[in-house]
Amino acid sequence: MEPIKRNLLYVDDQPENLIVFRAAFEEHFEIFEASSAAEALEHFDSHEIPVLLADQRMPDMTGVELCEFVRREHPHTVRMILTGYIDTDAMMNAINLGHVYGFVTKPWNRETLAPMLLRGFEAYDLALANHALSERLEHAERCAALGQCAARIAHEMRNQLFVLPLLEFIETNYAGHEELGELARIARQTHDRLNELLDDVRSFARKEDETCRKSPVNLAQVVREAVSLASMHPSVPKQGLKLQVQAEPTVVCHAIRIQQVIFNLVRNAADALKAQPCPKILVTLAEDGDRISLSVQDNGPGLDPAQLERVGEAFFTTKGGEGTGLGLDICRRIVSGHGGTLTCQSQPGQGATFIVRLPRTPPAAAAERWTSRQAAAVPIQRLEP
């Protein structure tokens, strides 16, 4: 198998020089040619250019000026100057303004220029790796700051959860009032869910890895309660929210945390449907061999491949300034803690489907799993736009 050729842009206003350069290096590089700076910049709009080799003396823009512009717009591209004149001022300008990697004097020879070009590609790859490492470091610092802030917020929020005595008063003194009793039950579930969420935040901030207490529950009942709770949120289209229960499995899980996953997925689907004239969300519970499948499907705009690739990353969101990018990360951790998987299937214009697969009995220590690419799907009916 032949190695993939790397892109190289050679800029020279002399046609004969372009011909000679291509003849010398087209076997080793994917060569793009330009006879002017303007033509050279057009290549950057449609191709990745790791290495630029530009002649210094051109009529519309010098090689140094071109390198200076490329440095601002494409900082990782390795820039080299080809010159037939020993011009100290031009060399200093190239170093100070264009951050030129190296100079090549005319007439060049293949034995000298080829190793220099190869080192240019190595420098480009190293620059990209350093940039990625810097982004990861910045991300880690943000996570550390978020953890410290979250711990303080969790402490203050817990101080505000003082409604439990009021709920107990309603349950005791208005036991025969059906509507008040139902509202008190929902409020108690919300209170318990907030407490569980605050426990998760505190555990994350303290770097704890506690295993939540699980017990056998009727998963269908858990799902029904979660969907009912989600339907009361103002962002959720109540008329468009449907539930299909195709099985009544008993699963060993933490009911409140599973409800948190369902609530988050339904809320995410609702957020994606804000511009949809006929919003629809379908929640389906079914058996899938020795595992249980729980899916949340919407008829929204869907995700493009680039978004689908990043959908599992913490802090990544498609909601702009309205989202934190933490909801799906929380869901992933909860599902993983139950020995399950969370997958996403989506195509632009065809909505999105998030699928939770849970074992009936989770392993003692479940490995973390997350798949955001197109996965093998359980049969799911298409929601019409």
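Just so you know, residue 1 is the first one in the sequence shown, and it goes up from there.
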Legend entry - Check: Ser336 side chain, Arg332 main-chain N or O, donor-acceptor pair, under 3.5 Å: no
Inset, instruction - Go through the steps to decide whether Arg119 and Glu122 satisfy the test salt bridge (charged side-chain N to carboxylate O under 4.0 Å, His left out), and finish with yes or no. - result: CA-CA 5 Å; Arg119 289 195 299 272; Glu122 292 174 355; over 6 Å; no
Legend entry - ILVMFWY cluster, Phe32 and Ile81 together (side-chain gap under 4.5 Å): no
Legend entry - Met61 reachable from Val100 in the ILVMFWY side-chain graph, under 4.5 Å edges: no
Legend entry - Flag side-chain contact, heavy atom, 4.5 Å: Ser235 against Asp271: yes
Inset, instruction - Would you name the heavy atoms of Ala247 and Ala220 that are closest together and state the gap between them? - result: O-CB, 3.8 Å
Legend entry - Taking every non-hydrogen atom, the tightest pair across Ala37 and Val11: N-CG1, 4.5 Å
Legend entry - Note, Ser36 side chain near Met58 side chain (heavy atom, < 4.5 Å): no
Inset, instruction - Grab the two heavy atoms, one from Gly63 and one from Ala54, that are nearest each other, plus how far apart they are. - result: CA-CB, 4.4 Å
Legend entry - Polar side-chain atom of Asn109 near backbone of Thr112 as donor-acceptor pair, under 3.5 Å: yes
Inset, instruction - Give a yes or no on whether the backbone of Glu26 and the side-chain of Lys5 come within a donor-acceptor separation of less than 3.5 Å. - result: yes
Inset, instruction - Could you tell me whether the side chains of Glu48 and Tyr124 share a donor-acceptor contact shorter than 3.5 Å? - result: yes
Legend entry - Reported CD-to-OG distance for the pair Gln239 and Ser231, which is rounded to 0.5 angstrom: 10.0 Å
Inset, instruction - Answer yes or no: is there a donor N or O on one side and an acceptor on the other, between the side chain of Ser293 and the main chain of Arg357, under 3.5 Å? - result: no
Inset, instruction - Would you check if Arg224 and Leu243 make a side-chain contact, meaning some heavy-atom pair closer than 4.5 Å? - result: yes
Legend entry - Joint cluster assignment, Leu265 & Phe263, ILVMFWY side-chain distance < 4.5 Å: no
Legend entry - Main-chain N/O of Leu229 paired with His233 side-chain donor or acceptor, under 3.5 Å: no
Inset, instruction - Could you state whether Val104 and Leu66 fall into the same hydrophobic cluster, counting links through intermediate Ile, Leu, Val, Met, Phe, Trp or Tyr residues with side-chain heavy atoms under 4.5 angstrom apart? - result: no
Inset, instruction - Say whether, by atom type as modelled, one donor and one acceptor occur between the side chain of Gln260 and the main chain of Ile256 under 3.5 angstrom. - result: no
Inset, instruction - Would you confirm whether Asp55, through its side chain, and Gln14, through its main-chain N or O, come within 3.5 Å as a donor-acceptor pair? - result: no
Legend entry - Main-chain N/O of Thr62 paired to Glu65 side chain as donor or acceptor, under 3.5 Å: yes
Inset, instruction - Over 60° means perpendicular and under 30° means parallel, so classify the ring planes of His43 and His47, tilted if in between. - result: tilted
Legend entry - Chi angles and distances behind the side-chain contact (heavy atoms from CB on, under 4.5 Å) call for Met80, Phe103: CA-CA 6 Å; Met80 301 182 186; Phe103 289 87; over 6 Å; no
Inset, instruction - With rounding to the nearest 0.5 Å, note down the distance linking CG in Leu117 to CZ in Arg110. - result: 10.0 Å
Legend entry - Option passing side-chain contact (heavy atoms from CB on, under 4.5 Å) with Cys253 (candidates Ile292, Leu358, Ile258): Ile258
Inset, instruction - Answer yes or no: is there an ion pair linking Asp298 with Lys280, defined by an N-O contact shorter than 4.0 Å? - result: no
Legend entry - Closest non-hydrogen atom pair, Ala123 against Tyr101: CB-CE1, 3.9 Å
Inset, instruction - Please report the shortest heavy-atom distance between Asp13 and Arg57, naming the atom on each side. - result: OD1-O, 3.8 Å
Legend entry - Hydrophobic cluster identity match, Val78 and Phe44, side-chain contacts under 4.5 Å: no
Inset, instruction - Taking only Lys NZ, Arg NE, NH1 and NH2, and the carboxylate oxygens of Asp or Glu, determine whether Asp125 and Arg6 approach each other closer than 4.0 Å. - result: yes
Inset, instruction - Applying side-chain contact (heavy atoms from CB on, under 4.5 Å), run through Ile186 and Met232 and close with a yes or a no. - result: CA-CA 10 Å; Ile186 293 174; Met232 297 183 182; 3.0 Å; yes
Legend entry - Distance (rounded to the nearest 0.5 Å) between Leu294 CG and Phe354 CZ: 12.5 Å
Inset, instruction - Evaluate side-chain contact (heavy atoms from CB on, under 4.5 Å) for Leu9 paired with Leu53, printing each intermediate quantity in order. - result: CA-CA 6 Å; Leu9 175 58; Leu53 178 61; over 6 Å; no
Inset, instruction - Could you tell me the separation between the OH atom of Tyr10 and the CG atom of Leu82, rounded to the nearest 0.5 Å? - result: 5.0 Å
Inset, instruction - Evaluate whether atom CD of Glu178 has more than 12 neighbouring non-hydrogen atoms of other residues, nucleotides or ligands under 6.0 angstrom away. - result: no
Legend entry - Trp108 and Phe25 aromatic ring geometry - parallel, tilted or perpendicular at 30°/60° bounds: tilted
Legend entry - Ile281 and Pro237, any side-chain heavy atoms less than 4.5 Å apart: yes
Inset, instruction - Check whether more than 12 heavy atoms from other residues, nucleotides or ligands sit under 6.0 Å from atom NZ of Lys106, and answer yes or no. - result: yes
Legend entry - Side-chain heavy atoms of Gln297 within contact of Thr284, under 4.5 Å: no
Legend entry - 4.5 Å side-chain heavy-atom contact, Glu30 and Leu8: no
Legend entry - Donor-acceptor contact below 3.5 Å, side chain His177 vs main chain Leu180: yes
Legend entry - Spacing of Asn299 atom CG and Thr353 atom OG1 [to the nearest 0.5 Å]: 10.5 Å
Legend entry - Heavy-atom side-chain contact between Pro50 and Asn7 under 4.5 Å: yes
Inset, instruction - Establish, from distance only, whether the side-chain atoms of Glu225 and Gln259 form a donor-acceptor pair under 3.5 Å. - result: yes
Legend entry - Shortest non-hydrogen contact between Gln246 and Ala286, atoms and distance: OE1-CB, 3.4 Å
Legend entry - Check: Cys331 and Asn268 side chains under 4.5 Å, non-hydrogen atoms: no
Inset, instruction - Give a yes or no on whether the backbone of Gly351 and the side-chain of Ser346 come within a donor-acceptor separation of less than 3.5 Å. - result: yes
Inset, instruction - Could you please spell out the steps behind the side-chain contact (heavy atoms from CB on, under 4.5 Å) verdict for Val261 and Leu342? - result: CA-CA 10 Å; Val261 171; Leu342 177 59; 5.7 Å; no
Inset, instruction - Enter the distance from Leu126:CG to Phe121:CZ here, rounded to the nearest 0.5 Å. - result: 15.0 Å
Legend entry - Glu27, CD atom: more than 12 neighbouring heavy atoms under 6.0 Å: no
Inset, instruction - Test ring-ring contact (aromatic ring centres under 6.0 Å, His included) on His254 and His338 and set out the steps. - result: CA-CA 8 Å; His254 191 288; His338 285 76; 7.2 Å; no
Legend entry - Salt-bridge criterion met for Glu68 and Arg71 (N-O under 4.0 Å): no
